[in-house]
2 protein chains.
Amino acid sequence: MTLASTTPSYDGLTQLFTRLHHLAHVQSIAYWDQAANMPPGGAAARAGALAEVAAISHRLRTDPALRSALEQAQEEALDEHQRANLREMCREWRSANALPEALVQRKQLATARCEHAWRRQRPANDWAGFLDNFREVVSVAREEAQLLSQTTGLAPYDALMDQYEPGMGCAQLDRLFGDLRQWLPGLIRQVREHQARQPALRPVGPFPVAAQRALCERVMRWLGFDFDAGRLDVSTHPFAGGVPEDVRLTTRFSEQEFLTSLYGAIHETGHGRYEQNRPREWLGQPVSLARSMGIHESQSLAFEMQLGHHPGFVARLAPMIAEAFGDQPAFAPDNLLRLINQVEPGYIRVDADELTYPAHVMLRYGIERRLIEREIEPEDIPALWDAGMAELLGLDTRGNFKDGPLQDVHWPEGMFGYFPCYTLGAMYAAQWFAAMRRDVPDLDAQISAGHLAPVADWLRQHIWQPASRWSTDELARRASGEALNPAHFRAHLEARYLA
Amino acid sequence: MTLASTTPSYDGLTQLFTRLHHLAHVQSIAYWDQAANMPPGGAAARAGALAEVAAISHRLRTDPALRSALEQAQEEALDEHQRANLREMCREWRSANALPEALVQRKQLATARCEHAWRRQRPANDWAGFLDNFREVVSVAREEAQLLSQTTGLAPYDALMDQYEPGMGCAQLDRLFGDLRQWLPGLIRQVREHQARQPALRPVGPFPVAAQRALCERVMRWLGFDFDAGRLDVSTHPFAGGVPEDVRLTTRFSEQEFLTSLYGAIHETGHGRYEQNRPREWLGQPVSLARSMGIHESQSLAFEMQLGHHPGFVARLAPMIAEAFGDQPAFAPDNLLRLINQVEPGYIRVDADELTYPAHVMLRYGIERRLIEREIEPEDIPALWDAGMAELLGLDTRGNFKDGPLQDVHWPEGMFGYFPCYTLGAMYAAQWFAAMRRDVPDLDAQISAGHLAPVADWLRQHIWQPASRWSTDELARRASGEALNPAHFRAHLEARYLA
C-alpha cells in the first residue's frame with residue numbers, strides 16, 4: 001500500500017486499517033471454519049492460505065511509509081476520538097514492527113514444532129520430550145520480550161503482557177495476586193467445609209444433544225445474543241470467533257452432561273455481545289477493538305459468573321432446563337445453585353470453579369514471569385508447579401505432567417503474559433456488578449424477574465461502546481468510579497460462597 | 001509482487017500462481033460460508049472483505065511485470081507439462097488484463113444493480129423494470145466481448161464463451177445445436193407417448209431431513225466422495241465449492257420429496273470428485289484447473305445421468321432408499337427408474353429432465369448470441385422466448401416473464417456464453433460412457449454389481465488427472481478417440497428413453 005502524499009496522513013491511515021480489517025475478516029472466518037467444519041484433509045491447504053493472508057497483512061503493517069504517516073498524523077487537527085484512534089494505531093504499529101522478520105519466523109517455527117509435538121506428548125505424560133522443543137520457545141520468547149522491552153520501555157515480562165493487557169504490569173499484578181494469595185486458600189477451605197454440609201443432587205442423563213442445543217440457543221436469546229449477526233456451532237475447544245457483524249460462538253456437547261455446554265454458551269455469549277456491540281461507526285479502526293483480553297474476559301465472566309450464577313437468574317433458568325429435558329429433582333433452583341457453585345480443587349484450569357480458578361492463574365504467572373526474566377529454566381518448572389499446587393490447592397501433582405504444566409496450549413504456543421488476564425477479568429467483572437448495583441438500585445430484583453436488559457444496557461454504555469477509546473484504568477474509572485479494585489472480587493466471592 | 005530478475009521467469013510465475021491459489025482458497029471458503037452459514041447481518045461486512053481480497057488478487061494478476069515474465073518464460077527450457085502450464089498462465093493473464101479497470105468497475109456496478117433488483121422483479125413478473133437495468137448489463141457485455149475479441153482474435157460471442165469453454169465457438173456450436181434441433185422435439189414427443197403407457201407410482205412422504213441427509217452421504221461414499229477432504233451442507237442454491245483439498249458440496253432438503261436432494265447430491269458429487277482428483281503435484285498452477293465448464297458439467301452429468309440413472313445403479317440404490325425411509329411400492333427399482341426418467345416439458349431450466357434440458361439451453365444460446373452480436377435488443381427477448389418455447393417444447397409462455405427470461409441469474413449477472421456448457425457437458429458425458437464401455441467391456445455388469453470403481457478409474461485417468469494439460473479437443477481425443485461427437489448423446493437418449 002502506498003500512502004499518497006496529498007491525502008492527510010490520518011485519513012490514509014484509517015483506509016489502511018480498514019483494509020487490514022477486511023483481511024482480518026477472512027482470516028477470522030477461515031479460522032472458525034477450521035475449528036467448526038474443516039475435514040482433516042483440508043488442514044495443509046488452509047495453513048498455506050492463511051499464511052498468505054497473514055503475509056499480506058504483515059507487509060501492509062510494516063510498510064516503511066507508515067512511520068512518517070503516523071508522525072505526520074500527530075500534527076494534524078484531530079478530535080479526541082480520532083486522537084484515541086491514532087494512539088491505538090501507534091500501539092498496533094509498534095507491536096507489528098518491534099520484531100525483526102527473522103525472529104518472527106523463528107518464533108513461528110519453534111511454536112509450531114512445540115505445539116505439534118505437545119499434542120502427542122501431553123497424553124503420553126512426556127515432559128522430557130516436551131522440554132526438547134520448549135527450550136527454543138522460551139529462548140525466542142525471552143528475545144521477543146527483550147526487544148519489546150526496548151521499544152516500549154517496559155520490563156521484559158510487562159512488555160509481553162502489554163500485548164494482551166495494555167497498562168498492566170508486574171508491580172500492580174504482584175500487589176493484586178499477593179493480596180489474593182493471602183486470603184484465597186483460607187476461603188477455599190472455609191467454603192468447602194460449608195458446602196460439605198449441603199450436598200447437591202446430580203442430574204440424571206442422558207441429555208439429548210438436540211435438546212441441549214435448543215436450550216443453549218434459548219438462553220442465548222434471553223441474554224440478548226443477536227442471531228441475525230451470529231451463530232452457535234460446535235468445536236473441540238469452545239471459543240468466540242468471527243467478526244462483530246457475524247459472531248461465531250462455539251460450544252461442545254456431551255450426552256452425559258448439559259451444564260458444560262450451557263455455561264460454556266453463556267460464557268461465550270458474554271464475549272459475543274461485546275463483539276456485536278463494539279462501536280459500528282468505528283469498525284475497522286483500532287479504537288473500536290476490545291480494550292484488552294482482561295476486559296474481554298470480564299464480559300464472559302460477567303455473563304457466566306456474575307449473571308449466570310446469580311440466584312435470581314438460576315431460578316428463571318431452572319424451568320427452562322426442566323422444559324428441555326423433562327423435570328427431575330436435581331433441577332430445583334436451590335439444587336442447581338448448589339451444583340454450579342460447587343468448589344473443588346482440581347488439576348485442570350479450564351475445569352476449575354470460580355473460587356479455585358485464580359490459584360491456577362497465580363501459579364502460572366509466578367512460573368512464566370520468572371522464566372522470562374531468566375530466574376529459572378524450563379527444567380525447573382515441575383518442582384515449582386508441585387510446590388504451588390500443594391500450597392494453593394493442597395494437591396499432590398508430582399510426576400503428573402499431563403495434568404500439570406503440560407495441560408495448557410499457551411506455553412507450547414509461546415503465549416507468555418496471557419494467563420493473568422483470566423483473573424483480571426474475574427476481578428473486573430465483580431467490579432462492574434458492584435458499580436451496576438449502585439447505578440441500578442433494583443438490579444437484583446430485575447434479574448430475579450428475568451429482565452436482563454439493565455445489565456446489557458450498563459455494559460453497552462460503559463464497556464462495549466467505549467471499546468478502546470480510553471486506557472483501561474480510565475475505562476474502569478469512568479465505568480465504576482475507580483481503577484481496578486480487587487476488594488470487589490473478594491466481596492463477591494464471600495457473598496456468593498459463604499451466604 | 002515483484003518478480004526478482006535473477007529468478008527464472010517460469011519459476012517466478014509459478015510462485016505468483018501459488019499465491020493466487022492461496023487467495024482463491026480463502027475466497028472460496030468465504031463464499032461457501034456465505035451460502036451455507038452466514039446470518040443476514042454478516043452480508044455487508046463479507047462483501048467488503050471479499051472485495052478486498054479480489055482487489056489484491058487483481059493487483060497481482062495485472063502487475064505490469066507479468067507481461068515480460070510470460071514472454072521470457074517462453075524462451076526458457078520447459079518440459080511439455082510446464083509448457084502447458086505456461087499456456088494456461090497466458091490464458092489467465094489475457095483474461096485478467098483484457099479489460100480496462102473502468103469497464104471492470106462499470107460491469108460490477110451494472111450487474112450488481114441488475115441482479116439485486118432482479119431478486120424482487122422476478123417474483124413480481126416485472127419485465128419492464130428489469131429491462132431498465134438489463135440494458136446497461138448488455139451494453140457492458142457487448143463492450144467486453146469487443147475487447148476480448150480484439151485480444152483473442154475470436155468473434156465477440158466466441159470470445160465471451162472462450163472464458164468458460166476454451167476452444168468452443170459458434171461455428172461448431174451451431175452445427176451441434178442445429179443437429180439437435182432437428183431430432184430433439186420429435187424424440188421428446190415420441191418418448192412422452194411411450195411413457196404415457198407406463199405411469200409411475202409417486203413415493204409417499206414425509207421424508208425426514210435427517211434420513212435424507214444420511215442417505216445422501218451414504219450414496220456419496222458409494223460414489224467415492226472423500227469425506228476426509230470435503231463435506232455436504234445445505235444452501236438455497238446447491239453448488240460445489242471449496243477447494244480441491246476440502247470440497248464443499250451443498251444440496252437442499254424438503255420433507256415432501258427426496259429425489260431432488262439425492263440426485264442433487266449425486267450431481268454435485270461428480271463436480272466434487274473432479275475437484276478432489278485434480279493433479280495434486282500441480283495444485284495452485286493453472287494447468288491443474290478443470291479444463292472447462294463443459295468438462296466440469298460432463299462430470300456432474302456422468303454421475304447424475306449416465307451413472308445415477310443407470311438401471312443397474314438404480315437397482316442397487318432402491319434398497320438404500322427403502323432402508324432410509326421404510327419400504328413402499330414406489331421404491332421398486334422399475335418404478336424408481338420410471339420416476340427419475342419421466343420426461344415432461346416445463347418452463348424452468350433447472351427443473352428440466354435430461355431430454356428437455358437442451359431445449360432450454362438452445363433457446364438461451366440463440367437469444368444471447370444475437371444480443372451480443374447486436375442483431376437484437378433486450379426488448380426483443382420475450383417474443384423470441386415465446387417462439388422458441390413453442391417450437392422446442394410446445395409451451396405457451398406469453399406474459400409469463402418470471403418463469404421465462406427472468407428465471408435465471410446468468411443474464412442479470414452478465415454471464416453470457418455460459419449456457420451452452422450445460423449441454424456440451426451432457427454430450428461429453430455420453431461420449432465418456434461410450435468410450436468407457438469400449439475400454440471396460442463388462443462396465444454395465446460392474447455397475448449392476450454395485451462396483452463403481454471402474455467408472456471412477458476411467459474418469460480419473462482420462463479427465464481428472466489431465467485437468468488442463470491439453471486442449472479440450474485433445475483431451476477428448478485422448479480419452480475417447482475423437483473430438484466431441486454428439487452422436488453419442490443421441491444414441492444414449494434413444495437407448496435410455498425408448499428402450
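The sequence lines fix the lettering, A, B, ..., with proteins before strands; numbering per chain opens at 1.
For B:His116, the NE2 atom is loosely surrounded, since the number of other residues' heavy atoms within 6.0 Å does not exceed 12. Few gaps surround CZ on B:Phe239; more than 12 heavy atoms of other groups in view lie less than 6.0 Å from it. Within 6.0 Å of CZ on B:Arg67 lie no more than 12 heavy atoms contributed by other residues, nucleotides or ligands.
The interface of residues 210-227 of chain B with chain A, defined by heavy-atom distances below 4.5 Å, comprises B:Phe227. Within residues 42-55 of chain A, the residues having any heavy atom closer than 4.5 Å to a heavy atom of chain B are A:Gly42, A:Ala45, A:Arg46, A:Gly48, A:Ala49, A:Glu52, A:Val53, listed by residue number.
Between B:Gly230 and A:Pro39 the shortest heavy-atom distance is N-CG, 3.3 Å. For A:Asp246 against B:Met38, the heavy-atom pair with the smallest separation is OD2-CG, 3.4 Å.
Looking at A:Leu283, neither its backbone nor its side chain comes within 4.5 Å of chain B, counting heavy atoms on both sides. No part of B:Asp233 comes within reach of chain A, as not one of its non-hydrogen atoms sits under 4.5 angstrom from that chain.
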- side chain to side chain contact (heavy atoms under 4.5 Å, CB included) between B:Asn37 and A:Asn37, worked out: CA-CA 11 Å; B:Asn37 300 310; A:Asn37 299 312; 4.1 Å; yes

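Between B:Asp33 and A:Arg248 there is a salt bridge, with a side-chain nitrogen of the basic residue lying less than 4.0 Å from a carboxylate oxygen of the acidic one.
Highest contact tally toward chain A, considering only B:Leu23, B:Thr18, B:Val243, is held by B:Leu23 [criterion: heavy-atom pairs under 4.5 Å]. Ranked by non-hydrogen atom pairs under 4.5 Å with chain B, the options A:Gln27, A:His21, A:Glu245 are led by A:Glu245.
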